[in-house]
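Model, not experiment: these values are computed from the prediction. Naming: A, B, ... by sequence-line order, numbering from 1 per chain.
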Amino acid sequence: MSLIEAVTIPKWGMTMTEGTITQWMIGEGETVVRGQEILEIETTKVTNVLEAAAGGILRRVVLPEGTTAPVGALAGVIADEAATAEEIDAFIASYADRLGTGEGGEGGAAAPRTVTVDGATINLLEAGEASEDIVLFLHGFGGDLTTWLFNQPAVAEKMRTVSVDLPGHGGSSPAAGNDVVSTISSTVGAATRDLGQGKIHLVGHSFGGAIAARIAASDPTRVASLTLLAPIGLSKTMSRDFLVDFIAAERRRPLQGVLERLFADPSKITNDMVEGTLRFKRLEGVPEALSAIADAIADEDRQLQSIGETLGALACPVLLIWGEQDQIVPAPNAGDLPANVELRIIPDVGHMPQMEASSTVNDAIIENINRA
Amino acid sequence: MAKKSFRQALNEALHLEMARDPRVIMMGEDLTGGAGAKGVQDAWGGAFGVTKGLLDAFGPERIRDTPISEAAFVGAAAGAALTGMRPIAEIMFVDFAGVCLDQIMNQAAKFRFMFGGRAKTPLVIRATYGAGSRSGSQHTQALYPIFTHIPGLKVVIPSNPYDAKGLLLQAIRDDDPVIFLEHKMLYDTVGEVPDGSYTIPFGEARVVRDGKDVMIVAIGRMVGVAEEAARQLASEGISACIVDPRTTSPLDEDTLLEVAEKIGRVVIVDEANPRCSVATDISALLADKCFDALKAPIKLVTAPHAPVPYAPNLEDAYIPTPEAVSKVVKSIVKR
């Protein structure tokens, strides 16, 4: 039996229902390896590149450039040389039937829900198989749980996952008190305790990395692994400009310029990303809440959080992932890190590896979880 | 996030801002359903239900039913604004501005300039506009070009519930006279609206959707028409970007120019009559400032130069449709 693999329109985030093929990056008849970028797809939220889930030859382009199709639709067929044209035709025909029966369509899309802990409201999104242990995703400064739109679905195929809006972000209520980092980490820690008694694997980005470290320090026996993407708190310096400019940008064009600093390739930023960020920042109280967090992250050019010692004291696997082009939080020297901490640098990626190199990051998260 | 109607979004903005700022008062006809008469007060919440519940919450001193005299209450509101109040005057149909244009054009719009910049006029005039309700030519006009033409007025035309709330809060907090126009056919449209307060700055267009083949500029109810056209066009492989200026004065020239220069093809959809209109104004701006980037003539899809007809079939024919927009887009997008 020859190998035949479907290339389908992926589901990136809960609200995605369809995607438009903007570019096939390889032609019919060309060879692809697993993980190779093959297809650029545009949604209302984001433009991203789909990587091949299998190696072989792109035998058939089913959806040409410019077409819009629902999530799960067959875009192309990868197969080895042994597959005959008849087999591929039959595969395409069978795929049309499958889509018609609803498979691969909505796929049980989850909606976020809110939980209340100690008077605070936390907005969270659960996805994935029922498992005792959970994977907890913590976004960065000014973000929300949608930062994980390319990651949570992939990890959810293996385990139960939860992404949260940190206090003061997205649909969660603001953090009260003077020490915002402690308040945020204890609120999130308490919220996740209600979700199950198993262990948690923490995945944190940037400011969320410092929150993950605090949760791990306060409850080390409960934490099974840490995967941190460009976390704050490991090098001494960082520019406060990004934080200040992010808070100050009240209009679309200046904010676009600020968000561009996050990515190695600014064309990844869509209008919806900018509009969504503006809508969050316009809410009464948000600029003040963000300022309080910014003040806890850095003063003029010095980082105020330090997580190195915490990470060094942990017995569980700790993996750091950094984009080589990160302009926001500089990568630490590998030599300065505790011995139990592994650092991986991804080339051609900025401060958002979870979006810019999602497959690599997803593989690394799952690998790190499996080491626990 | 909660889904709310355009009407609810406006009502929420009024509740929030009146609770926050005691200087905010409202004046208009039938705001509370007929003050001084026997019967149920606030049964309807105003002619279009926007002011429902305000009388109970804030009382008749702050929610003032007025006699049927726009000249009197718009003038009174302008004067109250000068003294430090933040009045919101409701003109039931913008067509009635005809009887109080002096108060708007020669008084409120001029105070800041004629008093040497020492007077503030934080006045909001809310009014319904637009065709589609079978209300005849004296209750359905889209008169924003007249107000946009007058320096000293700010002109706001929200296209969706989220913008309606954020722009109304901004209008009330603004220190200049603002004409705030609500399309009657949008009141029941629904969208995600946060519960709390937020403001959207004036002169800030919204890019409604990204696209690369054509830029469609649309205002108010026409944004929905453009979105429907864009969906039709997408199924034919044409990718349309939509820009909603949100305010026609101030006008976000930077965004219009940026997108027009990037895409090079422009269609402007406007429910107003076509002579001396916002559509012709934006067209002139783009022809003047980014002519070299244009790949095709700028096209306008507007109502005809005629009063809004009363006959339903003629009224339907008067309003720009998604099909008309698609057809014009296809005439300038070479495939």
Side-chain angles (χ1 to χ4, degrees), chain A residues 14-15 17-23 40 42-47 63-70 111-114 121 123 144 146 165 170-174 248-257 267-276 278-289, chain B residues 1-2 13 16-17 19-20 160 162-163 165-167 169-170 173 191-213 215 227 230-246 250 252-259 262 333 335:
Chain A
M14 321 176 318
T15 57
T17 56
E18 59 178 30
T20 302
I21 311 268
T22 47
Q23 194 193 348
E40 189 182 78
E42 179 186 283
T43 77
T44 57
K45 297 278 176 224
V46 73
T47 298
L63 299 176
E65 288 175 6
T67 37
T68 301
R113 65 182 178 96
T114 55
T121 301
N123 191 48
D144 61 29
T146 62
D165 286 340
S172 296
S173 59
E250 290 181 341
R251 290 173 183 258
R252 189 182 62 84
R253 286 150 52 89
L255 183 64
Q256 169 105 19
S267 70
K268 295 256 183 191
I269 296 169
T270 62
N271 174 60
D272 274 35
M273 205 183 285
V274 181
E275 178 68 20
L278 277 176
R279 285 189 179 207
F280 161 62
K281 273 163 42 58
R282 281 184 196 126
L283 290 169
E284 201 163 67
V286 164
E288 294 77 8
Chain B
M1 194 180 297
L16 284 167
E17 201 59 10
R20 192 186 80 105
N160 62 82
Y162 173 85
D163 284 359
K165 181 172 173 181
L167 290 168
L169 284 164
Q170 177 64 37
R173 295 180 192 181
E192 287 192 347
V193 179
D195 293 333
S197 289
Y198 59 93
T199 57
I200 299 171
F202 291 166
E204 167 86 349
R206 178 170 73 108
V207 179
V208 180
R209 60 180 277 161
D210 285 323
K212 60 183 196 315
D213 296 325
M215 162 166 98
E227 286 185 280
R231 278 190 285 274
Q232 293 173 6
L233 291 163
S235 67
E236 298 175 48
I238 298 172
S239 143
C241 168
I242 301 174
V243 176
D244 171 5
R246 296 202 274 213
D252 184 355
E253 299 188 5
D254 290 343
T255 295
L256 291 167
L257 286 165
E258 175 193 297
V259 179
K262 197 170 70 185
V333 175
R335 296 296 297 158

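Panel note: side chain A:Glu250, backbone B:Pro201; no donor-acceptor pair is recorded below 3.5 Å. A donor-acceptor pair under 3.5 Å links the side-chain atoms of B:Asp210 to the main chain of A:Asn271, judged by distance alone. Side-chain atoms of A:Arg251 come within 3.5 Å of backbone atoms of B:Gly203 as a donor-acceptor pair (strictly under, hydrogens ignored).
Salt bridge status for A:Arg253 with B:Glu258: present, with a side-chain N to carboxylate O gap under 4.0 Å.
Of the atoms belonging to B:Ser197, heavy atoms from both backbone and side chain fall under 4.5 Å from chain A. Looking at B:Asp254, the atoms closer than 4.5 Å to chain A (heavy atoms on both sides) sit in the backbone and in the side chain alike. Proximity to chain A is limited to the backbone of B:Glu192, based on heavy atoms less than 4.5 angstrom apart. Looking at B:Thr255, the atoms closer than 4.5 Å to chain A (heavy atoms on both sides) sit in the backbone and in the side chain alike.
Residues B:Val207 and A:Glu275 have side chains not in contact (no heavy-atom distance under 4.5 Å, counting atoms from C-beta outward). Contact of the B:Glu204 side chain with the A:Leu278 side chain is registered, since non-hydrogen atoms from C-beta on lie closer than 4.5 Å.
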- Query: Can you list the steps and then say if A:Arg282 with B:Ile200 is a side-chain contact (heavy atoms from CB on, under 4.5 Å)?
  - Reply: CA-CA 7 Å; A:Arg282 281 184 196 126; B:Ile200 299 171; 4.0 Å; yes
- Task: Please step through side-chain contact (heavy atoms from CB on, under 4.5 Å) for the pair B:Tyr198 and A:Glu284, ending with a clear verdict.
- Result: CA-CA 6 Å; B:Tyr198 59 93; A:Glu284 201 163 67; over 6 Å; no
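When all heavy atoms of B:Ala234 and A:Thr68 are compared, the pair lying nearest together is O-OG1, 4.4 Å.
Evaluation of the side chain to side chain donor-acceptor pair (under 3.5 Å) rule for B:Asp195 yields B:Lys4 as partners, not counting sequence neighbours. Taking the salt bridge (charged side-chain N to carboxylate O under 4.0 Å, His left out) definition, one finds that B:Glu17 meets it with B:Arg20, B:Arg173, sequence neighbours left out.
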